[in-house]
Asker: 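Take this structure, written in structure tokens, and hold onto it; I'll ask about it next.
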Protein chains: 2
Amino acid sequence: MALSDSFMLATQELAPELGPAAAALALLGHEPGMPIERLRRALGLSHSGTVRLVDRLVAGGVIERHSSEQDRRAVALHLTKSGEEKCAAILAVRQQRISCALKVLDPHELEALGKIAEKLLKNQVHNLDEAYCVCRLCDPAACVNCPVAAALNESETAQKL
Amino acid sequence: MALSDSFMLATQELAPELGPAAAALALLGHEPGMPIERLRRALGLSHSGTVRLVDRLVAGGVIERHSSEQDRRAVALHLTKSGEEKCAAILAVRQQRISCALKVLDPHELEALGKIAEKLLKNQVHNLDEAYCVCRLCDPAACVNCPVAAALNESETAQKL
DNA sequence: AATATTATATGCGCAATGCATACAAATCAA
DNA sequence: TTGATTTGTATGCATTGCGCATATAATATT
């Protein structure tokens, strides 16, 4: 138990968040056209905070505000070319840090950790907001058989949302 | 691998940091008399940022600046009565969240996770600063056979810090 | 004794957040 | 349809927390 505590902290240390910007880019790379409100819930910010974050990212030339097709008050956020490059770089660094940390594990341990992680995740995700929250910095290319998506499908079939 | 990514994120979500204040209290609870500079390195803040944090915590009545015995320029930070209560509450909430997240694991998996965590941690800690960094929110009472301390002892005997 | 390093403190500006408010579009009620 | 409620976005305002540069005192080094 105490060891797991420390492990969780260690994993936190491994992902040096420079604020929510990196997560926003990763999320938009994952799901282009996401509206501000969904981004807000995924990042856990206030509304104005999210709008200002989007302002900064637009000013920085990494994302664009498009008008949404389905909802004319909503904004459809998209990565620009430069934003996609940034996003790829963020995911690459992340991947590199993680594999560096995990390289001390032998294949058997890695397998065990994967199983355990899947179990923990499935138990943790109950709705769409929490799913996006967990997937904030996930690399959709690397995340085969995403357990979050699986957990969501289950709860969808079970209780219709 | 992809699952481990998600797992690390999930663990992050579990520990809702309200900024470095909680970690500061936990660290001071762990090692009373700690000077500002060590706190600074453990929290990864700038110096002024740490001083201001200490100011706020002092103003909030949870810690006190004492004068250090060994070094007359240094400050010895101590928790007040109220600070110790806060610290205990923080560690308790943390403990509760973690055990809640881990309760889906069977004893065998818990054991495996512990082993894996220990291995990862030992590999991650190379010096005293990193050790404090990892132990930021650890509960010293719960952390029996702290792998960080063990890793430090090893490197000390090996290369005399 | 003179210099360099270390620990702390503070003035200053900035960046990021939240609250309250406003407005437009969509949904719901009657 | 009309009117009321909810939802998505935007902005003015204040606050907060941070880092940089600088200053001072104590320790370490030479």
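Protein chains get the first letters and strands the later ones, always in sequence-line order, with residue 1 at the start of each. Computed from a prediction, not measured in an experiment: that's the story for all the values here.
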Asker: What's the separation between atom CD in Q96(B) and atom CG in L91(B), rounded to the nearest 0.5 Å?
Answerer: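 Going from CD on Q96(B) over to CG on L91(B), the span is 13.0 Å.
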Asker: Salt bridge check: are E111(A) and K115(A) linked by an N-O gap of less than 4.0 Å?
Answerer: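 A salt bridge links E111(A) with K115(A).
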Asker: Taking only side-chain N and O atoms of R52(B), does any of them lie within less than 4.0 angstrom of OP1 or OP2 on dA9(C)?
Answerer: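 No, no such contact exists.
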Asker: Out of dA26(C), dT27(D), dA10(D), which nucleotide sits closest to the side chain of R72(B)?
Answerer: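 Between dA26(C), dT27(D), dA10(D), the one nearest the side chain of R72(B) would be dT27(D).
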Asker: I need the CD1-P distance between I63(A) and dT9(D), as an integer number of Å.
Answerer: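 Distance, rounded to whole Å: 12 Å.
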Asker: Of the listed nucleotides (dT17(C), dG19(D), dT9(D)), which one gets closest to any side-chain atom of A74(A)?
Answerer: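 My answer, after comparing the listed nucleotides, is dT9(D).
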Asker: Could you tell me whether V75(B) contacts a base, only the sugar-phosphate backbone, or nothing, with contacts defined as non-hydrogen atoms closer than 4.0 Å?
Answerer: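 V75(B): backbone/sugar contact only, no base atoms under 4.0 Å.
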Asker: What's the spacing between D55(B) CG and I63(B) CD1 if we round to 0.5 Å?
Answerer: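 If we round to the nearest 0.5 Å, D55(B):CG and I63(B):CD1 are 8.5 Å apart.
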Asker: Starting from P on dA15(C), measure out to CG on L57(A) and report it in whole angstrom.
Answerer: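 So the CG-P distance, L57(A) to dA15(C), works out to 14 Å.
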Asker: Looking across every strand, which nucleic acid part, if any, lies under 4.0 Å from R65(A) by heavy atom: base, sugar-phosphate, or nothing?
Answerer: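 Here R65(A) touches the backbone only, sparing every base.
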Asker: Roughly, in whole Å, what's the span from CG in L43(A) to C1' in dA16(C)?
Answerer: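 L43(A) atom CG is separated from dA16(C) atom C1' by 13 Å.
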Asker: When the distance from NE2 of H66(B) to P of dT8(C) is rounded to whole Å, what number comes out?
Answerer: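 Rounded to whole Å, this separation is 15 Å.
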Asker: Between the base of dC20(D) and the side chain of S46(B), is there a donor-acceptor distance below 3.5 Å?
Answerer: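 Counting by modelled atom types and ignoring angles, no donor-acceptor contact under 3.5 Å is found here.
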Asker: Is E37(B) paired with R40(B) through a side-chain N to carboxylate O contact shorter than 4.0 Å?
Answerer: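 Judged by the 4.0 Å cut-off on N to carboxylate O distance, R40(B) and E37(B) do form a salt bridge.
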Asker: Classify D71(B) by what it touches in the nucleic acid, base, sugar-phosphate, or nothing, heavy-atom distance under 4.0 Å.
Answerer: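 Sugar-phosphate contact only - D71(B) comes under 4.0 Å of backbone atoms but never of a base.
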Asker: Among dT9(D), dA7(C), dT11(D), which nucleotide sits nearest the side chain of R73(B)?
Answerer: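 My answer, after comparing the listed nucleotides, is dA7(C).
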Asker: For R56(B) and dC18(D), is the shortest distance between a side-chain N/O and OP1 or OP2 below 4.0 Å?
Answerer: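 The answer is yes; a side-chain N or O of R56(B) sits under 4.0 Å from OP1 or OP2.
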